[in-house]
Amino acid sequence: MPSNSQTPPRANGPTIAIDGPVASGKSSVGRAVAQRLHLRFLDTGIMYRAVTWLALRRGISIMDAGAVEKLATDCAMAVDYSGSESAAIIIDGHGLSQELAAAEVDRSVSAVAALSGVRQSLVEQQRSIGAAGSIVMVGRDIGSVVLPNADVKLYIDASAAERARRRWRQQLKTDPTADYRKTLADTIRRDELDSQRSDSPLTVADGALVINTDGNEFLDTVSIVVATVCHATGLTLQPAASEQ
């Protein structure tokens, strides 16, 4: 999904690939960077979450690899480029937003994303979206698999403890009983699943710049990424529509 700036995405802009582990802040950072640079934005994780949600809704066992892979191949999926803050992905006619953050989806998405058939189907769609350029694309295999020739490749990282704290604070907003220790254990488990899967494991892509966000304020990280992209591509910041 693109930035929600009212300024249209710049034409012939660069392709920016951002990878990183769960809760590293890559999606929030990527979205903010896209807004500042007037580029489209896509968090590819929502595509895997959408397939997971649909499988759960249809009562398909996540352990039934063949059924889940067939679902990913057969389902109709489109990214909603409306530009609103709550922009959704549409899968088989269902517009999804908050549903993608459900605890059951969160627990199951890594297993779904590890399936080769699912990845092949979604990577093809992601490459098609990225081919138009002028985009910040975020995920776990963007620089290594989806867009290996991206103009800029970044890896946003943070310690497991820091990432678990961020996710736990988010969980507390809707669940006062959320347990940090469980969140940390889930974070470590997700890291293991993502880095050890046989197809497109989480890794630092060749040529990617690693940015560790431990101790960083959010806006500091955004500024670092914006400066890095501008230096690498020659882009200059443009005023927002409200400033023109």
> Do I91 and I129 share a hydrophobic cluster, counting only Ile, Leu, Val, Met, Phe, Trp and Tyr and linking them when any side-chain heavy atoms are less than 4.5 Å apart?
Replying inline: yes

>> Tell me whether L115 shares a hydrophobic cluster with M63, the cluster being built from Ile, Leu, Val, Met, Phe, Trp, Tyr side chains joined at under 4.5 Å.
In response: no

> Checking salt bridge (charged side-chain N to carboxylate O under 4.0 Å, His left out) for the pair R58/D92: CA distance, chi angles, key distance, verdict?
Replying inline: CA-CA 12 Å; R58 293 188 176 179; D92 274 7; 2.5 Å; yes

> Under 3.5 Å, is there a donor-acceptor pair between the D157 and S24 side chains?
Replying inline: no

> If you round to the nearest 0.5 Å, how far is CD1 of I60 from CG of L56?
Replying inline: 9.0 Å

> Once you round to the nearest 0.5 Å, how far does OG of S200 lie from CD1 of I142?
Replying inline: 9.5 Å

>> If I take atom CZ from residue R169 and atom OG1 from residue T183, how far apart are they, to the nearest 0.5 angstrom?
In response: 11.5 Å

> Salt-bridged, R119 to D141, with N to O below 4.0 Å?
Replying inline: yes

> In this structure, which one of R163, K26, R166 forms a side-chain hydrogen bond (donor to acceptor under 3.5 Å, both in side chains) with T213?
Replying inline: R166

> Quick one: does Y155's side chain get under 4.5 Å of I211's, heavy atoms only?
Replying inline: no

>> salt bridge (charged side-chain N to carboxylate O under 4.0 Å, His left out) for K153 and D19? Distances and angles first, verdict last.
In response: CA-CA 8 Å; K153 294 191 282 189; D19 293 306; over 6 Å; no

>> Could you report the tightest heavy-atom contact between A205 and S144, atom names first, then the distance?
In response: CB-N, 3.6 Å

> Roughly how far, to the nearest 0.5 Å, is the CG atom of L100 from the CD1 atom of I46?
Replying inline: 6.5 Å

>> Walk me through whether L39 and I135 qualify under side chain to side chain contact (heavy atoms under 4.5 Å, CB included).
In response: CA-CA 5 Å; L39 302 173; I135 192 167; 5.7 Å; no

> Can D106 and R167 be counted as an ion pair, charged N to O under 4.0 angstrom?
Replying inline: yes

> Is there a side-chain contact between R127 and V145 (heavy atoms, below 4.5 Å)?
Replying inline: yes

>> With a 4.5 Å cut-off on side-chain heavy atoms, are E162 and S159 touching?
In response: yes

> Can D151 and T233 be said to form a side chain to side chain donor-acceptor pair (under 3.5 Å), step by step?
Replying inline: CA-CA 7 Å; D151 296 295; T233 65; over 6 Å; no

>> Would you compute the distance between atom CG of L193 and atom CD1 of I188 and round it to the nearest 0.5 angstrom?
In response: 12.5 Å

> Got more than 12 heavy atoms from elsewhere within 6.0 Å of CG, D74?
Replying inline: yes

>> For A72 versus S121, what's the shortest heavy-atom pair and its separation?
In response: O-OG, 3.2 Å

> Looking at A50 and I89, what are the two nearest heavy atoms and their distance?
Replying inline: CB-CG2, 3.8 Å

> Do L42 and V138 come within less than 4.5 Å of each other through their side chains, counting heavy atoms only?
Replying inline: no

> How about S27 and D43: does a side-chain donor come under 3.5 Å of a side-chain acceptor?
Replying inline: yes

>> Do V33 and L37 have side chains that approach each other closer than 4.5 Å (heavy atoms only, starting at C-beta)?
In response: yes

> Just by distance, with hydrogens left out, do E69 and S116 show a side-chain donor and acceptor under 3.5 Å apart?
Replying inline: no

>> Measuring only between side-chain heavy atoms, which start at C-beta, is L235 closer than 4.5 Å to P14?
In response: yes

> Under the side chain to side chain contact (heavy atoms under 4.5 Å, CB included) criterion, do M77 and L122 qualify, and how do the steps go?
Replying inline: CA-CA 9 Å; M77 184 183 295; L122 299 189; 3.9 Å; yes

> Got P201 and Q196 here, is their nearest side-chain heavy-atom distance under 4.5 Å?
Replying inline: no

> With respect to L209, which candidate in V204, I156, L154 satisfies the side chain to side chain contact (heavy atoms under 4.5 Å, CB included) definition?
Replying inline: L154

>> Go through it in stages, so that I can follow the logic: the residues are I90 and L96, the test is side chain to side chain contact (heavy atoms under 4.5 Å, CB included), and I'd like the CA-CA distance, side-chain angles, deciding distance and then a yes or no.
In response: CA-CA 6 Å; I90 302 169; L96 305 179; over 6 Å; no

> Out of curiosity, does W168 fall in the hydrophobic cluster containing V105 (side-chain heavy atoms, cut-off under 4.5 Å, transitive links)?
Replying inline: no

> Between R190 and S110, does any side-chain donor sit less than 3.5 Å from a side-chain acceptor?
Replying inline: yes

>> Checking V136 against V229 for the side chain to side chain contact (heavy atoms under 4.5 Å, CB included) test, could you report, in this order, the C-alpha distance in whole Å, the side-chain angles of both residues, the deciding distance, and whether it holds?
In response: CA-CA 10 Å; V136 176; V229 171; over 6 Å; no

>> Could you go through D199 and R197, starting from their C-alpha distance and side-chain angles, then the distance that decides it, and tell me whether this counts as salt bridge (charged side-chain N to carboxylate O under 4.0 Å, His left out)?
In response: CA-CA 6 Å; D199 192 340; R197 67 189 181 213; over 6 Å; no

> Any side-chain heavy atom of L184 within less than 4.5 Å of one from D186?
Replying inline: no

>> According to side chain to side chain donor-acceptor pair (under 3.5 Å), who are the partners of S28, at least two apart in sequence or on a separate chain?
In response: none

>> Please give me the minimum heavy-atom distance between T44 and G139, naming the atom from each residue.
In response: OG1-CA, 3.4 Å

> Rounded to the nearest 0.5 Å, how far does CH2 of W53 lie from NE2 of H94?
Replying inline: 4.5 Å

>> Count I, L, V, M, F, W, Y as connected when their side-chain heavy atoms are under 4.5 Å apart, and connections chain through other members. Are I16 and F218 then in the same cluster?
In response: yes

>> For L202 versus R140, what's the shortest heavy-atom pair and its separation?
In response: CD1-O, 3.6 Å

> Taking NZ, NE, NH1 and NH2 as the nitrogens, is one of them in E104 or R107 under 4.0 Å from a carboxylate oxygen of the other?
Replying inline: no

> If you group Ile, Leu, Val, Met, Phe, Trp and Tyr by side-chain heavy-atom gaps below 4.5 Å, do V109 and V22 land in one group?
Replying inline: no

> Between Q126 and M137, what is the shortest heavy-atom contact and its length?
Replying inline: O-CE, 3.4 Å

